[in-house]
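Encoded as structure tokens, the structure appears first; notes follow it.
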2 protein chains.
Amino acid sequence: MKKRSFDYKALIGEGNPLLRYPELKEAAIDEFAVKRYDDASLNDILKKAGMSKGSFYHHFGDKFGLYLAMMDIIAQKKLSFFYPLMNENLDTSDFFGTLKAIMKATTEFMLHDERLHHLSNRLMEENDAFRNRMYSFFAFDYYQSFNQWVYHAVQSGQVDSRYPPDFVVKLIEVMFANIHKLVSSGDPEHLLETATQVIDVIQDGISRKH
Amino acid sequence: MKKRSFDYKALIGEGNPLLRYPELKEAAIDEFAVKRYDDASLNDILKKAGMSKGSFYHHFGDKFGLYLAMMDIIAQKKLSFFYPLMNENLDTSDFFGTLKAIMKATTEFMLHDERLHHLSNRLMEENDAFRNRMYSFFAFDYYQSFNQWVYHAVQSGQVDSRYPPDFVVKLIEVMFANIHKLVSSGDPEHLLETATQVIDVIQDGISRKH
DNA sequence: CAAAAACTAGACCAGATGGTCTAAACCACC
DNA sequence: GGTGGTTTAGACCATCTGGTCTAGTTTTTG
């Protein structure tokens, strides 16, 4: 006999109620970009957005509902930056070239709204249970498909065979998750330049020696 | 007119009261190794250690006092692993060789007690104000002196000149902070092997091309 | 125009947090 | 044995958390 349950699926896609409450959306992004899920204060978000508890819980069910609705919007945004790349269906023939293109898309996404980049990274830091619960609402896990692409590219022989594919995948994962720590200034030009250098280092570091 | 203030300095060094409460020490390490400062529950720590609030606040002043006393003990422990290395006063003539030695010491420290490694990393994730407050109690900031060593080594010309020293410092910083993400199994042998590979990748990636 | 449904406001709740405070217990010294 | 400082126990406090609930308002529908 479970308590009256809320339909989270109504939150994602077209009817996402967060689209109708732009102030709540901004307040949520501001808060979740700076604090982890548990640390973020729902009360603060509502206060900043000027929304009452009654209407909030009516539309979003609970704190997780808000996070879900917000992530849905962000995923759409992020996808728009990566869509051009996906057309090529992630080319595996030129590993490092494609990697640079992905890095470029990442930095452009980051520059468009830095909060969103922090948000994506913050999700990676949440525990597995939370992440899995999150992913279960979205059709595809871009994160995992990226990892699979790296895995296949590594196996195609463009990388020194002494490095296990899993290792390379994690190495790249760590690098991408931390580019914001590798750039000092907020200068856009410099950001892309540094990001490219990171790929150069990886390439010289792991490509097959001849 | 400040409130009666507590002397935090009495917590570090010889008279560290945490040395007299081993159960509290273990409970604190367990908690702070798993949760960030704000997330950690002082009540839980005291419950696990079987200590009353009265005596706790008498000896440690507040939550920060406990953290400080704990970090003092851990810093000592960590130093004991790096002491042999420091004798050479961080050799700059063989950059990558020394880097490997440091990595070896790091992994050994990690294997000695994984909680302590997590603790060190977790401190890096705290905000600047907190970290600075922390460091202000210790004579030397090993973290910063390591960075300076890297900086000098890079300037000595063993690294490709297209990479700015600051970039290399941060790159190595990120790698060291994330080695635990790069190893999959808990196998000690494998840990050191992977750690060495990380250095190999860095070396091939950034060393001066001939 | 009225009934029904959707929505909103905010008082309230239980549970947790770090921290305070008083009173008792302990212990060394004369 | 008494005295005075140190240490301990734990009830208590203000404040915060996400979440509930009722009563009222607004909007839609017949």
Side-chain angles (χ1 to χ4, degrees), chain A residues 1-8 10-11 14-25 27-28 30-32 34-71 126-127 129-130 133-134, chain B residues 1-8 10-11 15-25 27-28 30-32 34-70 126-127 129-130 133-134:
Chain A
M1 189 186 300
K2 67 168 85 168
K3 301 188 86 174
R4 172 180 21 156
S5 65
F6 185 87
D7 180 21
Y8 289 113
L11 295 172
E14 291 265 323
N16 189 328
L18 202 49
L19 293 168
R20 279 178 285 133
Y21 298 94
E23 281 150 32
L24 181 62
K25 183 185 115 191
D30 281 344
E31 181 78 359
F32 286 122
V34 164
K35 296 179 185 163
R36 299 212 326 284
Y37 180 75
D38 278 335
D39 294 347
S41 166
L42 184 57
N43 288 328
D44 285 357
I45 294 174
L46 295 181
K47 205 180 300 168
K48 187 186 277 188
M51 182 180 238
S52 77
K53 289 215 154 175
S55 40
F56 172 78
Y57 279 95
H58 176 74
H59 290 294
F60 298 93
D62 59 9
K63 191 183 185 183
F64 183 79
L66 174 61
Y67 192 89
L68 189 62
M70 181 191 69
M71 274 305 182
E126 301 286 349
N127 62 61
F130 184 84
R133 187 179 179 200
M134 200 70 230
Chain B
M1 190 188 303
K2 68 168 83 167
K3 300 188 85 174
R4 172 180 19 158
S5 66
F6 185 87
D7 180 22
Y8 289 115
L11 295 172
N16 189 326
L18 202 48
L19 293 168
R20 279 179 283 133
Y21 298 94
E23 282 149 31
L24 180 61
K25 182 185 115 191
D30 281 345
E31 182 79 358
F32 286 121
V34 164
K35 296 177 185 165
R36 296 214 326 285
Y37 180 75
D38 278 336
D39 294 346
S41 166
L42 184 56
N43 289 328
D44 284 356
I45 293 174
L46 294 181
K47 206 180 299 168
K48 188 187 277 189
M51 183 179 238
S52 76
K53 288 216 155 175
S55 39
F56 172 78
Y57 279 94
H58 176 75
H59 290 294
F60 298 93
D62 58 9
K63 191 184 184 182
F64 183 78
L66 174 61
Y67 193 88
L68 189 63
M70 182 191 69
E126 301 286 349
N127 62 59
F130 183 84
R133 187 180 179 199
M134 200 71 229

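Bear in mind that the values here come from a model prediction, so they are computed numbers and not experimental data. Proteins come first, then strands; the chains are lettered A, B, ... in the order of their sequence lines, and each starts at number 1.
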Please report, rounded to the nearest Å, how far the [atom2] atom of [N] is from the [atom1] atom of [X].
X        : N       : atom1 : atom2 : value
Asn43(B) : dA14(D) : CG    : C1'   : 14 Å
Met51(A) : dG10(C) : CE    : C1'   : 14 Å
Phe6(A)  : dA6(C)  : CZ    : P     : 13 Å
Leu46(A) : dC16(D) : CG    : P     : 16 Å
Leu24(A) : dT8(C)  : CG    : C1'   : 14 Å
Asp39(B) : dC16(D) : CG    : C1'   : 14 Å
Asp44(B) : dG15(C) : CG    : P     : 16 Å
Lys47(A) : dT17(D) : NZ    : C1'   : 12 Å

Is any side-chain heavy atom of [Y] closer than 4.5 Å to one of [X]?
X        : Y         : result
Leu24(A) : Leu66(A)  : yes
Tyr67(B) : Phe130(B) : yes
Tyr57(A) : Leu42(A)  : yes

query: Looking at Tyr67(B), does any N or O in its side chain come under 4.0 Å of the phosphate oxygens OP1/OP2 on dG18(C)?
result: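 It does not, given that no N or O in the side chain of Tyr67(B) lies less than 4.0 Å from OP1 or OP2 of dG18(C).
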query: Heavy atom of residues 52-65 of chain B under 4.0 Å from DNA chain C: which residues?
result: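 When residues 52-65 of chain B is checked for heavy atoms under 4.0 Å from DNA chain C, the hits, listed by number, are Lys53(B), Tyr57(B), Asp62(B), Lys63(B).
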- prompt: Are the aromatic rings of Phe6(A) and Phe64(A) close, with centres under 6.0 Å apart?
  reply: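 Phe6(A) vs Phe64(A): aromatic centres not under 6.0 Å.
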Short side-chain donor-acceptor distance under 3.5 Å, Asp62(A) and Tyr8(A):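 Per modelled atom types, Tyr8(A) and Asp62(A) side chains form a pair under 3.5 Å.
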- request: Tell me what Tyr21(A) touches on the nucleic acid: a base, only sugar-phosphate, or nothing, going by heavy atoms under 4.0 Å.
  value: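 If one applies the 4.0 Å heavy-atom cut-off, Tyr21(A) turns out to touch the sugar-phosphate alone, with no base involved.
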Under 3.5 Å donor-acceptor pairs involving side-chain atoms of residues 45-53 of chain A, not counting sequence neighbours:
| residue | atom | partner | partner atom | Å |
| --- | --- | --- | --- | --- |
| Ser52(A) | OG | Ser55(A) | N | 3.3 |
| Ser52(A) | OG | Ser55(A) | OG | 3.0 |
| Lys53(A) | NZ | Asn43(A) | OD1 | 2.9 |

